[in-house]
Each structure stands twice: as structure tokens, then as C-alpha cells.
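All of these numbers come straight from a predicted model, not from anything done at the bench.
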Amino acid sequence: MVTNDGEAFVTGYQVVVGKIRGTSQAAGRVVEGLRGAGCPAAVPAGDLGMPGSRAALAMARVKHVLVSRQARFEARLDIHAGNMAKAADLYSAQDAAAAADITVPVPVPGPVKAG
């Protein structure tokens with residue numbers, strides 16, 4: 001059941017659906033920030049003015065590592081954001097179903113008979 005402050009109580013533990021959705025949105029913002037930062041693009045490419053040097057090869061390796069790590073972070077955060085959004089949707093749906101199950105119709109009184 002969802003309370004007035006957005007908390008849901010499901011099988012004995014407390015779930016705050018709004019905070020779960022907020023976590024999902026925050027993870028999405030972090031991913032967008034990573035994509036926008038372009039860390040690998042900041043690493044210079046090419047021979048660095050020293051063709052054939054070890055420094056140029058090392059910088060190419062650094063760039064490769066940054067590209068692969070950033071892609072993994074983005075993918076993992078995308079998955080986390082999606083999972084949190086799904087969890088919030090599931091909790092909300094279960095709560096709505098539970099509320100419907102426990103709602104007792106209030107009988108409408110009929111006309112009062114004069115006695």
C-alpha cells in the first residue's frame with residue numbers, strides 16, 4: 001500500500017517508489033555526463049610529435065583503456081537505470097493491485113423506514 005508520502009509497504013518491508021525512480025534518473029544523468037565528458041577524446045592521438053616513441057605507444061594504450069572502460073561504465077549504468085525504473089514500475093503495479101484487493105466497498109444505506 002502506498003502512503004501519502006509515497007512509501008509502499010510490500011511483504012513486510014518498506015519501499016519508497018519515488019526514491020527508486022530518482023535513483024534510476026540519477027544513474028541516467030551520470031551516463032549522459034560520462035558520454036558528454038568525452039574523456040577518451042581528450043587524450044591526444046598520433047605520434048605526439050615523436051614518431052615511433054614509446055610515449056606515443058603508451059598514450060595510444062591509455063586512450064584504448066579509457067574508451068573500453070568508459071563504454072563498460074556507460075553500459076552498466078544504463079542497465080542499472082533501467083532495472084531501477086522497472087523495479088519502481090513493478091512496486092507501483094503490485095501496490096495498486098494490493099490496494100484493489102483489500103478495498104472493501106462501503107455499502108450505501110438504503111432509504112430509512114419510518115418506524
Considering only NZ, NE, NH1 and NH2 on the basic side and carboxylate oxygens on the acidic side, decide whether R35 and E32 come within less than 4.0 Å. yes
Kindly work out whether a path of hydrophobic side-chain contacts (I/L/V/M/F/W/Y, heavy atoms less than 4.5 Å apart) joins M59 to M50. yes
At their closest point, which heavy atom of A56 faces which heavy atom of G46, and how far apart are they? CB-O, 3.9 Å
If two hydrophobic side chains count as joined below 4.5 Å and joins carry through other members, does L48 share a cluster with V62? yes
Treat each ILVMFWY residue as a node, draw an edge where side-chain heavy atoms are under 4.5 Å apart, and state whether Y91 and M84 are in one component. yes
Quick one: pull up CD1 in I79 and NZ in K86 and give me the separation to the nearest 0.5 Å. 9.5 Å
Report the residues that fulfil side-chain hydrogen bond (donor to acceptor under 3.5 Å, both in side chains) with D47, sequence neighbours left out, ordered by chain and then residue number. none
Distance (rounded to the nearest 0.5 Å) between N83 CG and T23 OG1: 12.5 Å
Would a single hydrophobic cluster contain both F73 and V31, if residues Ile, Leu, Val, Met, Phe, Trp and Tyr are joined by side-chain heavy-atom contacts under 4.5 Å? yes
Output the distance between atom OG (S24) and atom CZ (R29), rounded to the nearest 0.5 Å. 9.5 Å
Quick check for you: to the nearest 0.5 Å, what is the distance between R54 atom CZ and R61 atom CZ? 10.5 Å
Hey, which of R76, Q70, R72 is the one that makes side-chain hydrogen bond (donor to acceptor under 3.5 Å, both in side chains) with E74? Q70
Identify the two heavy atoms, one from C39 and one from L66, that lie closest to each other, and give their separation to 0.1 Å. O-CD1, 4.3 Å
Side chains of R21 and S92: does their closest heavy-atom pair fall under 4.5 Å? yes
